[in-house]
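Scroll down for the structure; my scribbles are underneath it.
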Amino acid sequence: MNRKVQRYIAILLVMSAVLAGCSKKENTNPSEKTERSGVITLQMRQCESFNPLNTENHSVRDAFSLCYEPLFIAGEKMKLEGVLARSITVADDAMSAIVMLKDSVVWHDGVRFTSADVLHTVKLLQENPSWEYASCVKNIESIEPIDPLSFKINLSRPYGQIGYSLYFPIVASHNQNLETDMLGTGAYRFEKYNPATLIEMKSFDKWHGGKAACENVNISIIRDDAAATTAFNSGMVNAITGESFDLYNVVPKSNARMTTYPSNKYEFMAFNHKRGVFSSASVRCAVSAAIDRSAIVQECYGGSASAANAPLHPKANEIAASSILSQYSLSNAAELLFLEGYTMDEKTRVLKNKNGVKLSFDILVNEENQIRIKCAQLLQKQLMSAGIEVSVTCLPFEEYTKEISAGRFDAYLGGTRLANLYDFEFLLADGASMNSYGYLGEYMNLALSALAAAPSEDALSDAVFNFEEVFLREQPVCGLAFCSDTLITAENIMGKLQPRMNFPYANMAGWSVKKF
């Protein structure tokens, strides 16, 4: 290490110490008091019922998570983190799993939480396949109670990653009015409902996580995202997510605190394997190599994303580290296309095959999605540098989806939220629900099955390596990034913010309200 680098590191360490000291001083200033009797105000859209298992709107789901809790969430670095559960043990054949529950959990009415409540919740989801969380239990054949604090999950197929599907809210088996009675186990219990206006919640002193720092939470019912954005910037709301705040057009007030956290939203470009040049895996791989994903993350997503090709979450690298790089390389792209018979036309600087046909294609984009339009335009510029001519077609969402369903596209920009971090069959398997682009891959189907069935971290790591090898060799879609979500809080919200994937208010029990 040379002297310049040593000096630079020393300066950073000094600055970090100064900033840490300032932060500590600010949080302990005796003139800035925090009171447990304060009120935190959130927002959500109008909901038709209080049933947490069928909440389509993200703001309703987020608000209900203060009252209802899941068995597990994806915690730091995407490792499973127990909420109502203590542990999960998957059998070697990945056909069953045993879940152990926490023994200190009670419902808001004082009734003890048991495995019977989990069985009841799973049964409800299986009986109502149209409900929002129904896909989480698609591979569960049955559940057998072992005792009040443990149960066995029997699976319909090898599915070692079942723990990542158990993030749905658990409801009480003795709650006979799920649509109207909000009864949970969370840090906050339902107190009062003013129809179409407000839900009032109060801290639950018997919560298994301890006593909440703030006693009261109000949830304002707001008609749309524009009104929610205004409500936060005017101080009517203390916390809001980037999905409800119009970050693209409006800047949060200057004293707001913005915290980014991982999401399960995977952005990609899908190729039409039945049309044009994309029947060739080499051409698909060349297009992928010519894309600078780091530039896309910065210029299109403002840095609030992580570059990714395969749909393996970049934050999960400690569980199953990616061993195969998918780097930006114009030279690799050029070599692949040369071997496919493409040469550069010196006049137009566009590649042509031996028949004189240009290497060109069109990217279809939803015109309501400004970020994807910007992304398509950047891809157009990047791919031109590799001699690939690209046009961009923007259509209203209804027409965009219609063209995709009919197969009338060369490529399109799309995105999906992964219900399970290691289940990609819905996107890549033969005949899968989102495989509208005609990809057929025998080796991919085997890799997907091995990935789903891996019963341990070691087996998962091996399966990830194999899956990524197949993905990068066949490039069924061209992954771009995993988006980040954003939690925005007002200056009077104190405490450590620890949002988790799908759960922006995961540790809200630790927040307090500063009194000026």
Side-chain angles (χ1 to χ4, degrees), residues 247-249 265-272 275-278 280-310 314 325-340 342-353 356-397 400 403-404 408-415 437 472 475-484:
L247 286 169
Y248 193 82
N249 295 305
K265 188 178 181 183
Y266 175 61
E267 292 285 303
F268 59 88
M269 177 167 62
F271 304 118
N272 192 334
R275 180 176 174 178
V277 297
F278 293 130
S280 166
S282 293
V283 172
R284 300 194 301 268
C285 289
V287 169
S288 178
I291 294 174
D292 184 352
R293 292 170 175 82
S294 297
I296 288 173
V297 165
Q298 294 302 319
E299 296 183 33
C300 302
Y301 296 95
S304 293
S306 297
N309 185 2
L325 299 178
S326 178
Q327 295 177 327
Y328 167 56
S329 174
L330 289 177
S331 60
N332 286 350
E335 183 178 355
L336 286 167
L337 293 172
F338 176 77
L339 293 174
E340 281 289 293
Y342 287 94
T343 56
M344 184 70 73
D345 184 311
E346 295 300 326
K347 185 176 293 186
T348 63
R349 305 304 297 170
V350 175
L351 292 165
K352 292 183 177 180
N353 65 14
V357 179
K358 293 190 297 183
L359 178 54
S360 63
F361 68 94
D362 181 76
I363 300 177
L364 184 64
V365 190
N366 167 20
E367 70 177 20
E368 287 90 356
N369 194 315
Q370 295 300 313
I371 292 178
R372 286 186 189 155
I373 290 175
K374 192 173 182 179
C375 184
Q377 293 168 343
L378 182 55
L379 287 171
Q380 183 181 39
K381 181 180 178 181
Q382 289 184 354
L383 293 174
M384 188 62 205
S385 298
I388 304 170
E389 186 178 74
V390 174
S391 59
V392 177
T393 298
C394 301
L395 294 176
F397 182 72
Y400 161 83
E403 293 298 288
I404 291 173
R408 294 190 292 263
F409 65 92
D410 296 328
Y412 71 83
L413 292 189
Y437 41 89
L472 296 180
Q475 200 69 59
V477 299
C478 184
L480 301 173
F482 270 91
C483 298
S484 297

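What you see is a predicted model, and the numbers here were worked out from it, not measured in a lab. Atom set for the values below is all heavy atoms of this structure, side chains included, hydrogens, waters and symmetry mates excluded.
Atom CG of residue Leu413 and atom CD1 of residue Ile373 lie 10.0 Å apart, to the nearest 0.5 angstrom. A distance of 7.5 Å separates CG of Leu339 from OG of Ser282, quoted to the nearest 0.5 Å. The CG atom of Asp292 sits 11.0 Å away from the NZ atom of Lys381 when rounded to the nearest 0.5 Å. Gln380 contributes atom CD, which lies 11.5 Å from atom SG of Cys375 (distance to the nearest 0.5 angstrom). Separation of atoms CZ (Arg408) and OG1 (Thr393) is listed at 13.0 Å; rounding is to 0.5 Å. Taken from CG in Leu480 to CZ in Arg372, the straight-line distance is 9.5 Å, to the nearest 0.5 Å.
The shortest side-chain heavy-atom distance between Val283 and Tyr342 falls under the 4.5 Å cut-off. Taking the side chain as every heavy atom from C-beta outward, Ile291 and Cys478 approach each other to under 4.5 Å. Residues Gln475 and Asn309 are in side-chain contact: their nearest non-hydrogen atoms beyond the backbone lie under 4.5 Å apart. Here the side chains of Met384 and Val350 are in contact, with some heavy-atom distance below 4.5 Å.
Put simply, the side chain of Arg293 gets close to the backbone of Gly479: a donor and an acceptor are under 3.5 Å apart. Lys265 contributes no side-chain N or O that, together with a main-chain N or O of Gly415, makes up a donor-acceptor pair within less than 3.5 Å. Checking side-chain atoms of Arg284 against main-chain N and O of Phe278 turns up a donor-acceptor pair under 3.5 Å. Under the 3.5 Å distance criterion, the side-chain polar atoms of Glu403 are left unmatched by any main-chain donor or acceptor of Phe409.
Tyr266 is linked by a ring-ring contact (aromatic ring centres under 6.0 Å, His included) to Phe268, Phe482, counting only residues two or more places apart in sequence or in another chain.
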Side chain to side chain contact (heavy atoms under 4.5 Å, CB included) evaluation trace for Leu379 with Val390: CA-CA 8 Å; Leu379 287 171; Val390 174; 5.9 Å; no
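Under a cut-off of 6.0 angstrom, the local environment of CD in Glu335 is sparse, with at most 12 non-hydrogen atoms contributed by other residues, nucleotides or ligands. Sparse packing is recorded around CZ of Phe397, with 12 or fewer heavy atoms of other residues, nucleotides or ligands lying under 6.0 Å away.
Contact record, Asn366 with Pro396: OD1-C, 4.2 Å, taken as the closest heavy-atom pair. The two residues Ala333 and Ala286 have their closest heavy-atom pair at CB-O, 3.4 Å. Between Cys285 and Leu472, the closest heavy-atom pair is SG-O, 3.3 Å. Between Ala305 and Ser484 the shortest heavy-atom distance is N-OG, 3.6 Å. The two atoms that bring Cys483 and Tyr301 nearest to each other are SG-CE2, 3.7 Å, heavy atoms only. For the pair Phe271 and Pro476, the tightest heavy-atom approach, listed with the atom from each and the gap, is CD1-O, 3.9 Å.
At a cut-off of 3.5 Å, with distance as the only test, no side-chain donor of Gln382 or Tyr328 sits close to an acceptor on the other residue.
Tyr412 and Tyr400 have perpendicular rings, their planes meeting at more than 60° on a 0 to 90° scale where under 30° would count as parallel.
Checking Thr343, Val287, Val277, Leu351 one by one against Leu337, the side chain to side chain contact (heavy atoms under 4.5 Å, CB included) holds for a single residue, Leu351.
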